[in-house]
Each structure stands twice: as C-alpha cells, then as structure tokens.
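These notes concern the structure reproduced below.
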Amino acid sequence: MPDPYQVWLSEVMLQQTTVAAVAPRFQRFLGRFPTVAALAAAPAEAVMEEWAGLGYYARARALHAAARAIAAAGAFPPDAAGWRELPGIGPYTAAAVAAIALGQPEVPVDGNVERVVARLFAVTEPMPRAKKTLAALAQGFSSDPAMRARPGDFAQALFDLGATICTPKNPACALCPWREGCAGQAMAADLPVRAEKVPRPMRHGAHFLALDGAGRVLLGRRPGHGLLGGMADIPGTAWTGAPWTDAEALAEAPFAAPWAAVPGVALHGFTHFQLTMRLFWARVEIPGTNQDWRPLAEAARILPTVFRRLLVLAEGAGVR
DNA sequence: GATGCGTGGTA
DNA sequence: TTACCAAGCAT
C-alpha cells in the first residue's frame with residue numbers, strides 16, 4: 001500500500017491543480033520534506049517558500065498544521081473520518097487517502113467523478129446545487145465488486161475515465177467502456193449544467209521595489225491568513241477599485257526613498273478579480289537588521305507568481 | 001449556499 | 001485573445 005504521507009501530499013497538491021503542474025513540485029517537496037516528521041519540524045516560512053507558485057496557499061498552511069497534528073498524535077488517522085478532522089482535508093481528500101493509501105471502500109468525489117456521474121445518470125440539475133445528488137449517486141459505486149476489491153485503483157480509474165474519455169468538452173463516447181449504460185450520452189457535452197459565471201472586477205495596486213547595491217531586493221511578509229496568506233511579497237498599496245496616481249501611491253511607500261516610476265504595468269489574474277500593478281523602484285542602502293533582503297534570483301523563486309510579474313516588469317525596463 | 005482563494009495550460 | 005478549466009476546502 002502506498003505511503004499515506006505521499007498520498008496525502010499528492011492529493012492536496014492536486015486540489016484544483018493539474019497533474020502536469022504538480023508532478024515536478026511533488027518530487028521537489030518530497031526531497032525537502034521526506035516524511036511527515038520532517039514537515040512537522042520545519043518552520044512555516046520554509047514550507048511556504050517550497051509552495052511558492054503552486055497557488056491556493058491555504059493548502060500549504062493547512063498541510064503544515066496537519067503534519068504537526070499527526071506528529072503530535074504519533075500516527076496517521078486510521079480511516080476517512082479521522083483524516084476528515086485534519087485541516088485542509090475535506091470530504092474528497094479524506095476519501096481519496098482512505099481508498100488509495102488505506103485500501104478502504106471509500107468513493108472520492110471530485111470534478112471528474114461528478115461529471116461522469118452526471119452523464120451516466122443524465123442529471124440535468126444545475127451545479128452547484130447538483131453536488132448533493134451527484135455525491136449520492138456516486139455512493140452507488142460502493143456496491144460494485146471491483147470497487148470493493150480494489151478501492152484505490154477503482155478511484156484512480158474513475159479519475160482517468162473523466163480525464164481522458166469523459167472529458168468536459170468533446171467527450172469520446174465512442175471509446176467509453178460505459179457507453180451502453182450511459183443515460184446522458186446524447187447530451188454528454190452539455191452535462192453537468194454549469195452555473196453562470198460572474199465577470200471578474202479589476203483592481204489596482206502600486207508596489208515598491210527597493211534594491212541595494214548588491215543585487216538584492218527587499219521583501220515583506222503577508223499576514224498569515226486570507227489572500228496569499230503567509231507568503232513573501234513586494235511591499236505595496238492595498239488593491240483597490242481605482243488606479244493609484246503617483247502622489248497617492250508615493251504617500252503609501254514603506255519608507256522615504258528616491259522612488260522612480262517604472263514604465264508600464266504588470267497584470268495578473270486571480271480567481272475572483274484581475275489586478276493591474278504599477279511599480280516604483282529605488283536604490284537604497286538600509287542598515288536595518290530585521291529586513292528581509294534577498295538576491296533577485298532567490299526572490300523570484302520564493303515569491304508567489306503575482307509578485308514575480310513585478311520582477312519581470314522591472315527587468316524588462318532595465319531596472320536591476 | 002455563496003464566496004474567497006492561484007496559477008498555468010488549452011481551444 | 002478571452003474564456004474556460006484542473007484529483008477542493010474553509011467560512
């Protein structure tokens with residue numbers, strides 16, 4: 001049976017994240033934190049740095065907290081209900097770990113499984129209201145002898161069916177092993193019925209890139225919760241509904257310096273809003289000891305993508 | 001139950 | 001290019 005730590009880590013990384021994006025990051029993370037004990041013993045900053053670029057940073061905070069809970073308990077939870085109590089573990093991940101790592105007869109219901117079930121039973125109720133219906137129907141797999149014999153492989157097979165045959169667009173029904181029993185084949189491409197999407201508003205920010213004489217950049221640290229919680233950042237204004245004028249932005253600078261505006265803007269899309277950022281930079285020599293100065297290459301590695309865009313903007317403008 | 005929470009790939 | 005999508009969870 002697979003190592004529960006590795007199954008747990010991979011399932012958390014895969015939450016709303018593609019296999020292609022996860023694969024190299026999983027190996028790197030495992031190299032740095034090979035066991036749950038090593039993860040539990042690590043400082044939070046190290047865990048957040050290792051997660052940089054993967055997104056949904058609450059996952060990393062919860063993963064670390066759960067590792068410490070497991071280390072304190074001295075053992076992994078013995079079943080899905082036990083896993084469900086850990087931070088960052090919801091119904092899906094608890095069932096996936098129990099099925100794959102523990103061989104227990106659980107059915108993890110993710111987006112793939114919802115889609116397969118919606119088509120198999122021709123569920124036309126719109127999402128997200130249909131989630132309860134789909135989960136209940138998915139529980140019907142529990143009586144399948146193949147599922148009882150190999151719960152982990154059954155779950156993986158269901159994911160693979162959804163990822164390769166029963167795809168969101170252009171499903172390959174002709175190749176589907178379940179086509180004969182599929183009630184929704186004729187309308188497969190239109191299921192499940194999605195809720196209407198709301199347009200993403202635009203927000204605006206201004207940030208301040210302080211460079212010293214040795215190619216180092218001054219970083220800040222975000223509060224430990226909410227958007228990008230716990231991650232390093234490039235200091236700046238709040239992200240507001242209107243653009244910042246030079247005067248407004250400079251009044252928000254973290255300290256007095258000969259700030260110069262970098263031409264252009266950096267753009268970044270979040271799930272729920274789009275962001276336009278201006279950038280000011282200055283060469284400064286600060287004797288302080290508590291600031292977090294990092295070489296540019298290191299900063300680019302540990303910053304979330306939204307702030308890496310500012311480094312790219314600066315580099316393109318010849319700032320270094 | 002609706003909303004907040006990232007990012008990169010694909011059509 | 002814009003829009004959509006990907007092995008969800010917390011509040």
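Note on naming: letters A, B, ... go to the chains in the order of the sequence lines (proteins, then strands), and numbering restarts at 1 for each one.
- Here side-chain hydrogen bond (donor to acceptor under 3.5 Å, both in side chains) pairs that include residues 172-201 of chain A, with residues two or more places apart or in two chains, are Arg200(A)-Gln274(A).
- The list of side-chain hydrogen bond (donor to acceptor under 3.5 Å, both in side chains) pairs with a residue in residues 100-111 of chain A, not counting sequence neighbours, reads Asp110(A)-Asn112(A).
- The list of ring-ring contact (aromatic ring centres under 6.0 Å, His included) pairs with a residue in residues 299-320 of chain A, not counting sequence neighbours, reads His207(A)-Phe307(A).
- Using P as the reference atom, dA7(C) and dC5(B) are 23 Å apart when rounded to the nearest Å.
- In DNA chain B, runs of at least 3 consecutive Watson-Crick or G-U pairs, each pair with both distances below 3.5 Å, span B:2-5 with C:8-11, B:7-11 with C:2-6.
- Nucleotides of DNA chain B with any atom under 4.0 Å from a heavy atom of chain A span, from 5' to 3', dA2(B) to dG8(B).
- Residues passing the ring pair (Phe, Tyr, Trp, His ring centres under 6.0 Å) test with Trp83(A) are Trp8(A), Phe76(A), sequence neighbours excluded.
- Every residue two or more places apart in sequence or in another chain that forms a side chain to side chain contact (heavy atoms under 4.5 Å, CB included) with Val193(A) is listed here: Pro126(A), Leu191(A).
- Under the ring pair (Phe, Tyr, Trp, His ring centres under 6.0 Å) criterion, Trp259(A) pairs with Phe208(A), Phe255(A), sequence neighbours left out.
- Checked against side-chain hydrogen bond (donor to acceptor under 3.5 Å, both in side chains), Tyr92(A) has the following partners two or more places apart in sequence or in another chain: Glu11(A).
- Arg115(A) comes within 4.0 angstrom of sugar-phosphate atoms only, judged by non-hydrogen atoms across all strands, and of no base.
- Shown for residues 7-22 of chain A: residues whose heavy atoms fall under 4.0 angstrom of DNA chain B, namely Gln16(A), Thr17(A).
- Pairs of residues two or more places apart, or lying in two chains, that qualify as salt bridge (charged side-chain N to carboxylate O under 4.0 Å, His left out) and include a residue from residues 273-282 of chain A are Asp246(A)-Arg278(A).
- Within the structure, side-chain hydrogen bond (donor to acceptor under 3.5 Å, both in side chains) contacts touching residues 151-164 of chain A (residues at least two apart or in different chains) are Arg150(A)-Asp153(A).
- The gap from the P atom of dG8(B) to that of dC9(C) amounts to 22 Å, rounded to the nearest Å.
- Within the 4.5 Å cutoff, the side chain of Met202(A) has no heavy atoms near those of the Phe273(A) side chain.
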